[in-house]
Visitor: 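Got a structure here, written out as structure tokens. Questions coming.
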Amino acid sequence: MIRVRFAPSPTGYLHVGGARTALFNWLLARRHGGLFVLRIEDTDAERSSADMVEGILDGLRWLGLSWDEGPLVGGPHEPYFQSARLARHATVARTLVESGKAYYCYCAADELKAKREAAEAAGGAWKYDRACAALSAEDIAAREAEGRPRAVRFFVPEGAVPFTDLVHGPIAFDAANIEDFVILRSDGLPTYHLSVVSDDVDMRMTHVIRGDDHISNTPKQVLLYQALGAAVPQFAHVPLILGTDKKRLSKRHGATSVMEYARQGVLPEAMLNFLALLGWSPGSGDRELFTRDELAGVFALDGISGGNAVFNPEKLDWFNQQHLMRLAPDDLTRRLQPLLEEAGVWHADYVDDRRAWFYAVLELLKPRARRLTDFAALGDYFFRDAVAFDEAAVQKHLRGGEVSAHLATLAAAWDAADTFDPATLEATLRATAETAGIKAGTLIHAVRVALTGRTVSPGLFEVATLLGRQRTAARLAHARQLA
Ligand code: GLU
């Protein structure tokens with residue numbers, strides 16, 4: 001049974017890199033009927049906060065990445081907050097000391113610093129000289145009697161530390177380059193390596209999928225698993241996400257917080273689809289559009305590329321448009337309502353008497369919207385009675401010449417039309433233009449400004465049809481006064 005985890009440190013919001021790591025873990029679990037565990041690594045009390053934990057949970061919920069064990073839902077390996085597991089980590093450290101795999105180190109920080117600086121001044125690199133591993137029983141007793149603070153260091157065995165990374169293939173580190181690292185500090189708190197391995201062992205993790213920045217930590221962790229007599233999980237290190245300038249993604253490139261994209265009107269479906277393809281591909285064909293369930297049906301770790309992935313905001317917009325186009329009108333309406341309310345253009349009858357009309361308006365606007373947040377402005381002239389006129393558009397297309405007269409003729413012709421549908425309106429307009437001896441385009445431009453206040457809109461005759469006979473007539477009359 002596959003067991004994977006997302007183990008964020010709540011020192012910041014859920015950023016796109018973290019979300020992608022969570023997603024790959026979640027997908028692997030869902031693909032194989034495994035379990036996805038959420039563990040909050042809040043051991044850095046100063047930098048962690050409850051708000052950040054909430055933010056991370058919000059981000060995961062928004063993306064629909066539900067966790068099977070973890071905060072709020074609990075599970076057989078509680079607690080899922082690492083800060084509540086510190087006593088267990090200290091016990092594990094003691095076990096390692098008792099089995100001779102680790103030892104107490106009484107060296108003071110300034111002693112170590114002096115040794116390091118001396119070695120570096122002599123042009124060499126320094127790693128801990130194992131002074132405390134060589135202490136006799138009397139030396140130790142003396143230090144204990146003095147009440148000297150002690151840390152626990154792991155005794156790094158000689159040899160190569162090989163592991164197979166499911167993304168990068170076989171990797172081997174030479175233990176000669178790894179110093180006896182501290183696993184429990186003198187204040188009794190575990191270091192990252194100890195807590196992460198201790199928890200992953202206790203929580204029975206089978207796979208560790210995380211960012212590439214943890215590759216260099218992996219040999220130390222492999223050594224700890226071995227010292228604990230625990231099975232080493234399978235590792236998959238996911239390449240970094242870069243900006244379009246090939247530099248590590250940062251705020252300079254725009255929003256890096258997942259929820260910031262939510263606020264900007266990106267659909268969770270689109271974000272999820274976009275993140276999935278950031279460094280992963282399904283292998284066969286060039287299919288790009290997937291729902292969450294579809295991804296869960298095809299995801300495999302061997303589709304993760306070893307090369308860094310580039311975060312292209314235009315691609316995200318493309319995914320957003322594609323997923324917008326696929327949303328059923330009631331679903332789209334549900335998501336738009338709060339935004340239209342905020343813009344002051346929501347009417348309760350959009351989900352009641354005028355539902356069919358509202359859905360038709362959305363269908364017309366959809367191909368032009370990149371984000372949910374675009375709809376209020378795009379459809380402003382449908383949602384408000386008063387048209388907001390773009391002065392330049394009025395100047396260019398309504399003023400001067402005989403525009404007013406032509407609009408009057410057209411208004412009369414449209415008023416007399418038996419049916420008020422796009423085909424009829426178009427035929428009538430073209431006939432009116434021909435009789436008047438002007439180009440149809442000239443009249444279309446003027447009418448567009450009259451009905452929408454702007455020079456760009458969806459198909460004019462569809463717009464007029466949806467505005468309806470009365471509103472169209474009123475707007476043509478009003479525009480004649482501007483002309
Ligand atoms: N809390 C660590 C981080 O956020 C997790 C490391 C890991 O996945 O092993 O980087």
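First listed ligand is number 1; within each ligand, the first listed atom is number 1. Because the structure is a prediction, the values reported are computed rather than measured.
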Visitor: Return the residue, atom name and 0.1 Å-rounded distance of the protein heavy atom closest to atom 8 (O) of ligand 1.
Guide: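 Here the nearest protein heavy atom works out to R5 NH1, 2.8 Å.
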
Visitor: Which of the numbered atoms in ligand 1 are below 4.0 angstrom from a heavy atom of E41?
Guide: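 Here the atoms of ligand 1 in question are 1 (N), 2 (C), 5 (C).
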
Visitor: Would you call the rings of F383 and F358 parallel, tilted or perpendicular, where under 30° means parallel and over 60° means perpendicular?
Guide: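 Tilted.
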
Visitor: I'd like to know if R335 pairs up with E269 as an ion pair, taking the criterion as any Lys NZ or Arg NE/NH1/NH2 lying under 4.0 Å from an Asp or Glu carboxylate oxygen.
Guide: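 The answer is yes: the pair qualifies as a salt bridge.
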
Visitor: Can E144 and R150 be counted as an ion pair, charged N to O under 4.0 angstrom?
Guide: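 Looking at E144 and R150, the cut-off is met.
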
Visitor: Under 4.5 Å between any side-chain heavy atoms of Y350 and T333, yes or no?
Guide: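 Y350 vs T333: side chains apart.
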
Visitor: Counting both backbone and side chain atoms, is some N or O of A7 under 3.5 Å from an N or O of ligand 1?
Guide: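 For ligand 1, there is an N or O atom that lies under 3.5 Å from one belonging to A7.
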
Visitor: As an exercise, identify every atom of ligand 1 less than 4.0 angstrom from a heavy atom of V196.
Guide: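 Heavy-atom distances to V196 below 4.0 Å select 9 (O).
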
Visitor: Quick one: nearest non-hydrogen protein atom to atom 10 (O) of ligand 1, plus distance?
Guide: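 Of every protein heavy atom, H214 NE2, 2.9 Å lies nearest to atom 10 (O) of ligand 1.
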
Visitor: In terms of ring plane angle, is the pair H193 and F181 parallel, tilted or perpendicular, where the classes change at 30° and 60°?
Guide: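 H193 vs F181 ring planes: perpendicular.
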
Visitor: Do you know the tightest heavy-atom contact between E288 and N273?
Guide: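 Closest approach of E288 to N273, heavy atoms only: O-ND2, 2.9 Å.
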
Visitor: In ligand 1, which numbered atoms sit nearer than 4.0 Å to a non-hydrogen atom of R210?
Guide: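 Atoms satisfying the 4.0 Å criterion: 7 (C), 8 (O), 9 (O).
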
Visitor: Tell me, please: is Y192 in heavy-atom contact with ligand 1, that is, under 4.0 Å?
Guide: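 Distance cut 4.0 Å: Y192 passes for ligand 1.
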
